[in-house]
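Worksheet for the structure shown next.
Nothing here was measured: the structure is a model prediction, and the numbers come from that model. In what follows, every heavy atom counts, from backbone to side chain, and hydrogens, waters and symmetry copies are set aside.
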Amino acid sequence: MADLKPPFTGETAQKKVKAAQEIWNTKDPARVAQAYTPTCIWRVRDSFFTGTESIIAFLEAKWKRESSYRLRKELFTFRDNRIAVQFWYEFQDVEDGMRWKRCYGLEDWTFDETGKMCKRMMSGNDVLIGPEGNGEGRWFADEVNVNNVFISEKHW
């Protein structure tokens with residue numbers, strides 16, 4: 001992922017987004033953290049933090065709570081050293097009776113000259129999937145390639 005450096009083109013921005021998707025779907029906090037600078041600034045919903053140790057701690061807690069996590073990211077726009085993505089992910093909420101949820105959101109990424117992310121701003125909203133969160137209507141079932149799911153406005 002670090003070999004994809006700014007300034008981005010349409011092709012390199014798309015590759016950067018899909019590389020991020022692949023790394024996040026490993027659910028390996030230490031591996032994910034390698035894509036960010038040691039002083040990377042994060043905003044996730046209403047939380048703000050900085051640095052590798054904070055990123056790893058955040059991701060460990062996230063994936064402890066979000067079982068069966070599956071993510072898809074799509075390029076929204078790009079310019080120079082910045083990329084914006086839209087994303088969707090599904091998970092079972094361990095703290096909410098294992099109910100299925102989907103998060104919809106947007107991310108704003110800024111990269112340094114080496115291709116590592118130095119700022120990540122995320123905004124997202126969780127909704128239950130199916131009646132009472134039973135998972136009926138999931139998009140990213142275990143056997144499904146998340147890149148092959150057609151997501152249209154009717155899904156919002």
Side-chain angles (χ1 to χ4, degrees), residues 1 8 10 13-37 40-79 81-111 116-156:
M1 197 160 121
F8 294 110
Q14 177 67 18
K15 285 181 180 179
K16 193 75 158 178
V17 169
K18 289 303 176 180
Q21 173 186 296
E22 286 180 32
I23 290 171
W24 274 71
N25 276 326
T26 69
K27 299 177 284 293
D28 180 341
R31 185 171 173 201
V32 172
Q34 291 175 8
Y36 303 89
T37 64
C40 187
I41 300 166
W42 275 37
R43 178 181 70 81
V44 179
R45 302 173 198 254
D46 61 351
S47 297
F48 294 81
F49 49 93
T50 302
T52 303
E53 289 180 20
S54 296
I55 291 169
I56 291 172
F58 171 82
L59 294 173
E60 286 172 346
K62 171 186 178 63
W63 288 319
K64 185 176 180 182
R65 187 185 127 238
E66 295 177 355
S67 179
S68 306
Y69 175 93
R70 301 271 321 270
L71 164 74
R72 176 165 167 183
K73 293 181 182 281
E74 289 295 331
L75 178 64
F76 187 73
T77 191
F78 70 95
R79 182 175 179 186
N81 69 331
R82 297 184 67 188
I83 296 175
V85 300
Q86 56 186 347
F87 67 87
W88 309 266
Y89 67 86
E90 296 178 349
F91 64 98
Q92 287 182 287
D93 191 333
V94 172
E95 296 175 359
D96 190 18
M98 297 301 284
R99 296 197 306 168
W100 280 99
K101 295 181 180 177
R102 182 178 299 122
C103 181
Y104 297 84
L106 298 169
E107 293 175 337
D108 171 15
W109 302 342
T110 304
F111 296 88
K116 290 199 173 205
M117 198 178 303
C118 56
K119 185 175 81 169
R120 175 184 179 267
M121 302 285 122
M122 178 275 213
S123 179
N125 299 295
D126 297 338
V127 296
L128 290 176
I129 303 173
E132 302 297 318
N134 70 359
E136 183 180 316
R138 286 179 51 218
W139 299 344
F140 305 145
D142 293 338
E143 67 279 1
V144 172
N145 178 335
V146 297
N147 292 311
N148 293 337
V149 175
F150 177 70
I151 300 171
S152 70
E153 289 182 19
K154 73 177 187 145
H155 290 108
W156 305 339

Looking only at atom types and distance, does a side-chain atom of [X] sit under 3.5 Å from a main-chain N or O of [Y], one as donor and one as acceptor?
X	Y	result
Gln92	Ser68	no
Arg43	Arg45	yes
Arg70	Ala141	yes

Write down the atom of [X], the atom of [Y], and the distance for their closest heavy-atom approach.
X	Y	answer
Met117	Arg120	SD-CB, 3.6 Å
Met122	Cys103	CE-SG, 4.3 Å
Phe78	Gly10	CZ-N, 3.2 Å
Val127	Tyr104	CG2-CE1, 3.5 Å
Gly137	Arg102	O-NH2, 3.3 Å
Lys73	Gln21	N-OE1, 3.0 Å

Between Asp126 and Lys101, is the closest basic N to carboxylate O distance under 4.0 Å?
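A salt bridge is absent here (no side-chain N lies under 4.0 Å from a carboxylate O).
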Between Arg65 and Glu60, is there a salt bridge with N-O shorter than 4.0 Å?
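Salt bridge between Glu60 and Arg65, a charged N being under 4.0 Å from a carboxylate O: no.
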Heavy-atom side-chain contact between [X] and [Y] under 4.5 Å:
X	Y	value
Lys64	Val94	no
Leu59	Trp24	yes
Phe49	Val44	yes
Val144	Arg138	no
Trp139	Ile129	no
Asn25	Phe140	no

Exceeds 12 heavy-atom contacts within 6.0 angstrom, atom [atom1] of [X]:
X	atom1	result
Phe76	CZ	no
Glu74	CD	yes
Arg79	CZ	no

Measure the [atom1]-[atom2] distance between [X] and [Y] for me, rounded to the nearest 0.5 Å.
X	Y	atom1	atom2	result
Arg72	Glu90	CZ	CD	11.5 Å
Met121	Ile41	CE	CD1	6.0 Å
Thr110	Lys119	OG1	NZ	4.5 Å

Can Ile83 and Leu75 be said to form a side-chain contact (heavy atoms from CB on, under 4.5 Å), step by step?
CA-CA 7 Å; Ile83 296 175; Leu75 178 64; 3.7 Å; yes
Verdict with reasoning, Ser47 to Trp42, per side-chain contact (heavy atoms from CB on, under 4.5 Å)
CA-CA 8 Å; Ser47 297; Trp42 275 37; over 6 Å; no
Checking ring-ring contact (aromatic ring centres under 6.0 Å, His included) against Tyr69, which of Phe91, Phe87, Trp100, Tyr89 comes through?
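With Tyr69 as partner, ring-ring contact (aromatic ring centres under 6.0 Å, His included) holds for just one option, Tyr89.
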Working for side-chain contact (heavy atoms from CB on, under 4.5 Å), residues Thr37 and Phe111
CA-CA 9 Å; Thr37 64; Phe111 296 88; over 6 Å; no
Might you work through the side-chain contact (heavy atoms from CB on, under 4.5 Å) test for Val17 and Trp109, ending with a clear yes or no?
CA-CA 10 Å; Val17 169; Trp109 302 342; 4.0 Å; yes
